[in-house]
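Both backbone and side-chain heavy atoms feed into the values below; hydrogens, waters and symmetry mates do not.
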Amino acid sequence: DKPAAKAMFAAAGLPVAPHRLVTPAELEAADPLPLPYVLKPPCESSSVGVSIIRGGDNRRARIARDWTW
């Protein structure tokens with residue numbers, strides 16, 4: 001669970017990379033960040049399901065629909 005792990009690391013004083021938790025509905029509706037950006041499902045291993053969204057990429061809505069929480 002990436003959000004829980006990041007919260008624990010930050011609480012312990014460890015450096016945590018900037019991030020934003022986005023719901024599938026938010027992602028399906030619009031790009032949540034300026035392009036390009038990296039999508040990581042919150043409950044997969046470190047690299048499973050990672051996608052890089054670049055300009056002209058039309059996978060964002062499909063990726064959002066495929067996410068499970």
Could you pull out all residues at least two apart from Arg62 that satisfy side chain to side chain donor-acceptor pair (under 3.5 Å)?
none

Sub-3.5 Å donor-acceptor pair from the side chain of Arg65 to the main-chain atoms of Pro24, do we have one?
no

For the atom pair CZ (Arg60) and CG (Leu27), what is the distance rounded to the nearest 0.5 Å?
6.0 Å

For residues 2-15, which residue pairs qualify under salt bridge (charged side-chain N to carboxylate O under 4.0 Å, His left out), counting only residues two or more places apart or in two chains?
none

Quick check: closest heavy atoms across Glu28 and Ala61, and the distance to 0.1 Å?
CG-CB, 3.9 Å

Restricting to side-chain contact (heavy atoms from CB on, under 4.5 Å), what partner residues turn up for Asn58, sequence neighbours left out?
none

Glu26 meets the side chain to side chain donor-acceptor pair (under 3.5 Å) criterion, sequence neighbours left out, with Arg20, Thr23

Would you tabulate the side-chain donor-acceptor contacts of residues 33-41 under 3.5 Å, counting partners in other chains and residues two or more places apart, or write 'none'?
residue : atom : partner : partner atom : Å
Tyr37   : OH   : Asp31   : OD1          : 2.5
Lys40   : NZ   : Ser46   : O            : 3.4

ILVMFWY clustering at 4.5 Å (side-chain atoms), partners of Val16
Phe9, Leu14

Contacts of type salt bridge (charged side-chain N to carboxylate O under 4.0 Å, His left out), residue Arg54, not counting sequence neighbours:
none

